[in-house]
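Contents: one structure, followed by commentary.
Because only heavy atoms are used, hydrogens play no part in the values below, and waters and symmetry mates are left out as well, while side chains stay in. The sequence lines fix the lettering, A, B, ..., with proteins before strands; numbering per chain opens at 1.
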Amino acid sequence: MYHPRELYPSLGAGYRLGPAQPGADSSFPPGLAEGYRYPDLDTPKLDCFLSGMEAAPRTLAAHPPLPLLPPAMGTEPAPSAPEALHSLPGVSLSLENRELWKEFSSVGTEMIITKAGRRMFPACRVSVTGLDPEARYLFLLDVVPVDGARYRWQGRRWEPSGKAEPRLPDRVYIHPDSPATGAHWMRQPVSFHRVKLTNSTLDPHGHLILHSMHKYQPRIHLVRAAQLCSQHWGGMASFRFPETTFISVTAYQNPRITQLKIAANPFAKGFRENGRNCKRWELFIHSFMHSTNVY
DNA sequence: TCGACTCACACGTTTGAAAAGG
DNA sequence: ACCTTTTCAAACGTGTGAGTCG
């Protein structure tokens with residue numbers, strides 16, 4: 001069992017992968033089944049992964065572009081299977097809290113982004129099978145734009161509203177247990193609940209930087225650590241779950257999303273109708289007292 | 001004027017150290 | 001002396017709503 005906070009105290013933060021490739025959003029490698037490589041990931045940059053994360057350079061590589069997804073949210077059923085690109089034969093990932101994600105996706109998932117960084121809810125929680133129990137792997141998560149549009153809430157639905165902002169520096173969150181053995185990762189679901197999203201382009205904390213009012217897709221990458229220093233970096237798999245697509249916002253736009261978040265997120269329990277912090281509930285009680293001449 | 005964003009706030013959950021018990 | 005369980009306070013994670021900004 002690894003104790004990541006003791007071994008790798010810096011690992012909770014995101015690591016910048018490098019500059020975005022020009023035009024990365026508009027193209028995609030032919031065929032989802034074909035694996036991709038990270039050509040910028042040369043050997044010297046990767047040595048530190050194994051010799052000590054503390055000294056790891058923030059610049060690793062740019063990620064490949066994402067295939068275009070349908071522009072509308074909450075209007076069509078999410079595809080049932082994850083889409084994967086990998087060169088780790090037999091390895092598969094499944095989204096543990098898929099039902100929750102689907103519930104949000106059916107409404108149109110929104111994620112709050114703040115200057116200080118905000119956690120994702122729901123978080124990406126996956127279970128993995130097919131790993132070599134003895135080999136060591138890293139789990140990574142990044143978030144990439146789905147399309148080249150900016151969105152606006154039009155009272156009832158999200159609609160494209162102009163061109164997207166220029167792409168921000170790509171960052172990747174490294175799961176704090178990384179690197180760990182395949183046996184460790186397969187023992188229990190892997191949760192990325194500590195990932196934080198920010199809209200601060202100068203964020204010093206390593207959070208994933210997003211534009212507000214843009215549509216994003218989280219991706220999970222699995223890297224076989226033993227092969228990190230090889231000339232080619234073949235042992236790698238990437239997964240994305242279409243139901244985890246979301247629109248980043250600085251304040252919730254769709255009231256149904258607010259309701260879902262309050263209902264499902266334990267940290268928001270104070271805003272449920274029986275919570276003492278529910279202002280609407282207080283106002284209701286207040287007006288009720290007035291209407292019944294209690295005051 | 002309006003939409004997007006920031007911030008302080010109250011409240012609940014999580015975390016981890018200290019204390020208590022076996 | 002050691003381990004497990006319980007307690008408790010601090011830190012953290014929430015959505016809210018008023019205010020600010022462009």
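Surrounding CD of A/Q154 are more than 12 heavy atoms belonging to other residues, nucleotides or ligands, all under 6.0 Å away.
Side chain of A/R119, nearest nucleotide from C/dG15, B/dG12, C/dG13: C/dG13. Listed candidates were C/dT14, C/dG13, B/dA4. Nearest to the side chain of A/K196 is C/dG13. Counting only heavy atoms from C-beta on, A/N265 has its side chain closest to C/dT14 among C/dG15, C/dT14, B/dT6. Counting only heavy atoms from C-beta on, A/F267 has its side chain closest to B/dT13 among C/dG15, B/dT13, B/dC5.
When the C1' atom of B/dT13 is taken as reference, atom NZ of A/K261 falls 17 Å away, rounded to whole Å. The nearest whole Å value for the distance from the NE2 atom in A/H193 to the C1' atom in C/dT14 is 15 Å. The CD1-P distance, from A/I113 to B/dC7, rounds to 14 Å in whole Å. Here the P atom of nucleotide C/dG15 and the CD1 atom of A/I257 are 11 Å apart, to the nearest Å. In this structure, A/W153 places its CH2 atom 16 Å from P of B/dC5, rounding to the nearest Å. In this structure, CZ of A/F271 is placed 7 Å from P of C/dG15, rounded to the nearest angstrom. Summarising the geometry, the separation between CG on A/L260 and C1' on C/dT14 is reported as 15 Å, rounded to the nearest angstrom. Spacing between atom CG of A/L210 and atom P of B/dA4 amounts to 17 Å, rounded to whole angstrom units.
Aromatic rings of A/W185 and A/F139 (six-membered ring for Trp) have centroids within the 6.0 Å cut-off, being under it. Ring to ring, A/H175 and A/F192 are close: their centroids are under 6.0 angstrom apart.
Every residue was checked against the side chain to side chain donor-acceptor pair (under 3.5 Å) condition with A/S200, not counting sequence neighbours, and none meets it.
The shortest distance between the side-chain N/O atoms of A/K269 and the OP1/OP2 oxygens of B/dT13 is below 4.0 Å. Regarding contacts with the backbone of C/dG15, a side-chain N or O of A/R118 is found under 4.0 angstrom from either OP1 or OP2. A sub-4.0 Å separation between OP1 or OP2 of B/dT6 and a side-chain N or O of A/N199 is present.
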For this session: Show your working on side-chain hydrogen bond (donor to acceptor under 3.5 Å, both in side chains) between A/S127 and A/S94 and close with a plain yes or no.
Result: CA-CA 5 Å; A/S127 56; A/S94 65; 2.8 Å; yes
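Along DNA chain B, the nucleotide nearest to A/A268 and the one nearest to A/T114 differ in position, and the one closer to the 5' end is contacted by A/T114. The residue among A/K115 and A/Q253 whose nearest nucleotide of DNA chain B lies closer to the 5′ end is A/Q253.
Using a 4.0 Å heavy-atom cutoff across all strands shown, A/S212 reaches sugar-phosphate atoms only and no base atom.
If you check distances only, the side chain of A/R194 never reaches the base of C/dG13 with a donor-acceptor pair under 3.5 Å.
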